[in-house]
Student: 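Before I ask anything, let me first share the structure, which is written out below as structure tokens.
Computation of the quantities below employed the complete heavy-atom set of this structure, encompassing side-chain atoms and omitting hydrogens, waters and symmetry-equivalent molecules. Naming convention: chains lettered A, B, ... in sequence-line order (proteins, then strands); numbering from 1 in each chain.
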2 protein chains.
Amino acid sequence: MTESEPVLTASPDLESVRRDFIEGMSRVAAFWGLPKAMGAIYGALYLSPEPLSLDDLVAYVGVTKGAVSTNVRHLARLGMVREEVRLGERRDFYSAEGDFWKVVKGVLREREKAEFDRALSTVRQCLDAVGAADHAPEETSLALHYQERLGQMQGFFSSLDTLVATVMRLDDLRHASLLGLFGKRVVPAGDGNPREGSEER
Amino acid sequence: MTESEPVLTASPDLESVRRDFIEGMSRVAAFWGLPKAMGAIYGALYLSPEPLSLDDLVAYVGVTKGAVSTNVRHLARLGMVREEVRLGERRDFYSAEGDFWKVVKGVLREREKAEFDRALSTVRQCLDAVGAADHAPEETSLALHYQERLGQMQGFFSSLDTLVATVMRLDDLRHASLLGLFGKRVVPAGDGNPREGSEER
DNA sequence: CAGTACGTTTAGTAGAAACTAAACATACTG
DNA sequence: CAGTATGTTTAGTTTCTACTAAACGTACTG
């Protein structure tokens, strides 16, 4: 804590709110397998009314420049922050993408998609391999079983893929559409609360 | 490789298929932040026509008993495998849950739910804190900005929560319903293929 | 052209997580 | 009751990842 008064000075209240929020975003990030600092940086940017410089972020988040630099670049690649260049200003400034559906889109596209395709193609290749080979008579039933299971998984992956692709299209439909869509058709239970009654942990 | 002939002996073809598949599931698991061995174990169980014992799994997956023991228990907690007890048989046997939607349900319930609630309540607490405090005049606008952003995030989390809860209810509706539901209402584009043209890797 | 302000890169480090090896617990079996 | 088969727990090791500290590159500034 040798730093001499960080950049912004909100009232004690707002400051603690910001700290809590940043810490919360850290936890979320960590939970999703992303670096803690990444979540913190996004949190700081998300709350800030105006774009922040790299050193601002160092002050807010408490990690070194290098870490902020790499994390902020990663966030930009995911479409979660935007880099802003100002004329007559050497520093770069960063701001958070406020539309969370865009964030989800970015993460899904960047992170899930690749591995998803790999998994799907692995299954398909296995399926092909089973179909192509001729098996000893006592193994034909095993081969058939493999085909069945692999086929089921392929089907599931396709469905999930469709689901993800569809969700990604919801970008401009916004929440209301989504909720209306789901709420009416799928849920037969009468209570207005879509969550099951599990309030506790 | 000092082991003396593992339990099963499929033809070289089926064996290699199985190996590939297991390796693929390992990758999937690793990608989702789960232990590699966990994915491998599930893969082995998923392909097997009948339940496997713990030592069978050791032979298939290539990790030690201890690792299989803990991982298989974890899988059971997630609802991804079932433990089967046979009369007059000391060993336990395990089989994979073949319905993948149940798997998704299990993972979502066990893993996402808790952290999800924490995040949401963090946001709510921050929101309350901002609302409760009285701020210096020059900070009221900042406070308002915090409220707006926090409110947006809260709304998003609620929506996402509803989405997840709804997906979890699809358990018995199966894929067709889901796809029909989505395909008709949401996607206006005419082509039958829900994926963008990315067939290659 | 020396000096400074920024951002990036690199080498090294610290912490976490999953695995191995082996001890342990428990229950059947002869 | 000794012996064996089975699953669990524990201590220690390995491996990976995100961070720090510091060097570096580059472009402005006086």
Side-chain angles (χ1 to χ4, degrees), chain A residues 1-4 7 22-23 25-42 44-45 51-78 81-94 111, chain B residues 1-4 7 22-23 25-42 44-45 51-78 81-94 111:
Chain A
M1 303 297 184
T2 339
E3 56 197 355
S4 50
V7 187
I22 287 177
E23 190 209 311
M25 291 298 105
S26 295
R27 277 207 318 268
V28 171
F31 189 78
W32 288 81
L34 300 168
K36 250 176 32 178
M38 219 172 130
I41 290 170
Y42 181 81
L45 291 174
L52 298 177
S53 75
L54 203 151
D55 283 306
D56 291 342
L57 287 171
V58 169
Y60 278 128
V61 172
V63 297
T64 57
K65 264 200 309 178
V68 173
S69 176
T70 56
N71 276 310
V72 99
R73 197 154 5 107
H74 199 173
L75 282 167
R77 269 192 47 231
L78 290 175
V81 312
R82 283 184 301 269
E83 191 176 333
E84 180 179 314
V85 183
R86 290 183 184 172
L87 302 178
E89 168 68 78
R90 289 214 238 160
R91 290 172 290 177
D92 298 340
F93 285 85
Y94 305 95
R111 181 176 154 137
Chain B
M1 303 298 184
T2 340
E3 56 198 358
S4 51
V7 186
I22 287 177
E23 191 210 312
M25 290 300 104
S26 295
R27 278 207 317 270
V28 171
F31 189 78
W32 288 80
L34 301 168
K36 249 176 33 179
M38 218 171 130
I41 290 170
Y42 181 81
L45 291 174
L52 298 177
S53 74
L54 202 151
D55 284 304
D56 292 342
L57 287 171
V58 169
Y60 278 128
V61 172
V63 298
T64 56
K65 264 197 313 175
V68 173
S69 176
T70 56
N71 276 308
V72 99
R73 195 151 10 105
H74 199 172
L75 282 168
R77 268 192 47 229
L78 290 176
V81 312
R82 282 183 303 269
E83 190 175 335
E84 179 180 313
V85 183
R86 291 183 184 171
L87 301 178
E89 168 67 80
R90 287 213 238 160
R91 289 172 290 177
D92 298 339
F93 285 85
Y94 304 95
R111 181 175 152 136

Student: Got a sec, which residues hit side chain to side chain contact (heavy atoms under 4.5 Å, CB included) with Glu23(B), two or more places apart in sequence or on another chain?
Tutor: Arg27(B)

Student: Considering heavy-atom distances to DNA chain D, does Gly62(A) or Lys65(A) have its closest nucleotide positioned more toward the 5' end?
Tutor: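 Going by which nucleotide is closer to the 5' end, it is Gly62(A).
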
Student: For Ala44(B) and Leu52(B), work out which heavy atoms get closest and say how close.
Tutor: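 In terms of heavy atoms, the two residues are closest at O-CD1, 4.1 Å.
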
Student: Mind running a 4.0 Å heavy-atom check of residues 81-93 of chain B against DNA chain D and sending the residues that fall below it, in number order?
Tutor: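 Correct list: Arg90(B), Arg91(B), Asp92(B).
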
Student: Between C1' on dG7(C) and CZ on Arg73(A), what's the gap in Å once rounded to a whole number?
Tutor: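 Result: 9 Å.
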
Student: Can I get a per-line list of side-chain donor-acceptor pairs under 3.5 Å for residues 62-77 of chain B, giving both atom names and the distance, sequence neighbours left out?
Tutor:
unit_1, atom_1, unit_2, atom_2, d
Thr70(B), OG1, Gly66(B), O, 3.3
Thr70(B), OG1, Ala67(B), O, 3.0
Asn71(B), ND2, Ala67(B), O, 3.0
Arg77(B), NH2, Glu110(B), OE2, 2.1

Student: Tell me the closest heavy-atom pair linking Ala40(B) and Ser26(B), and the distance in Å.
Tutor: CB-OG, 3.3 Å

Student: With Arg86(B), which residues qualify under side chain to side chain contact (heavy atoms under 4.5 Å, CB included), at least two apart?
Tutor: Pro51(B), Glu84(B), Glu89(B), Phe93(B)

Student: Name all residues meeting the side-chain hydrogen bond (donor to acceptor under 3.5 Å, both in side chains) criterion together with Ser53(A); count only those two or more places apart in sequence or in a different chain, and write none if there are none.
Tutor: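 Ser53(A) satisfies side-chain hydrogen bond (donor to acceptor under 3.5 Å, both in side chains) with Asp56(A) only.
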
Student: Just to confirm, is there a sub-4.0 Å distance from OP1 or OP2 of dC19(D) to any side-chain nitrogen or oxygen of Thr64(A)?
Tutor: no

Student: Shorter than 3.5 Å, N or O on both sides, protein versus nucleotides 11-15 of chain D: list them out with atom names.
Tutor:
none

Student: Whole Å only: how far is the CZ atom of Phe31(B) from the P atom of dT17(D)?
Tutor: 13 Å

Student: What N/O pairs connect the protein and nucleotides 10-18 of chain C at under 3.5 Å? Give each pair on its own line.
Tutor:
none

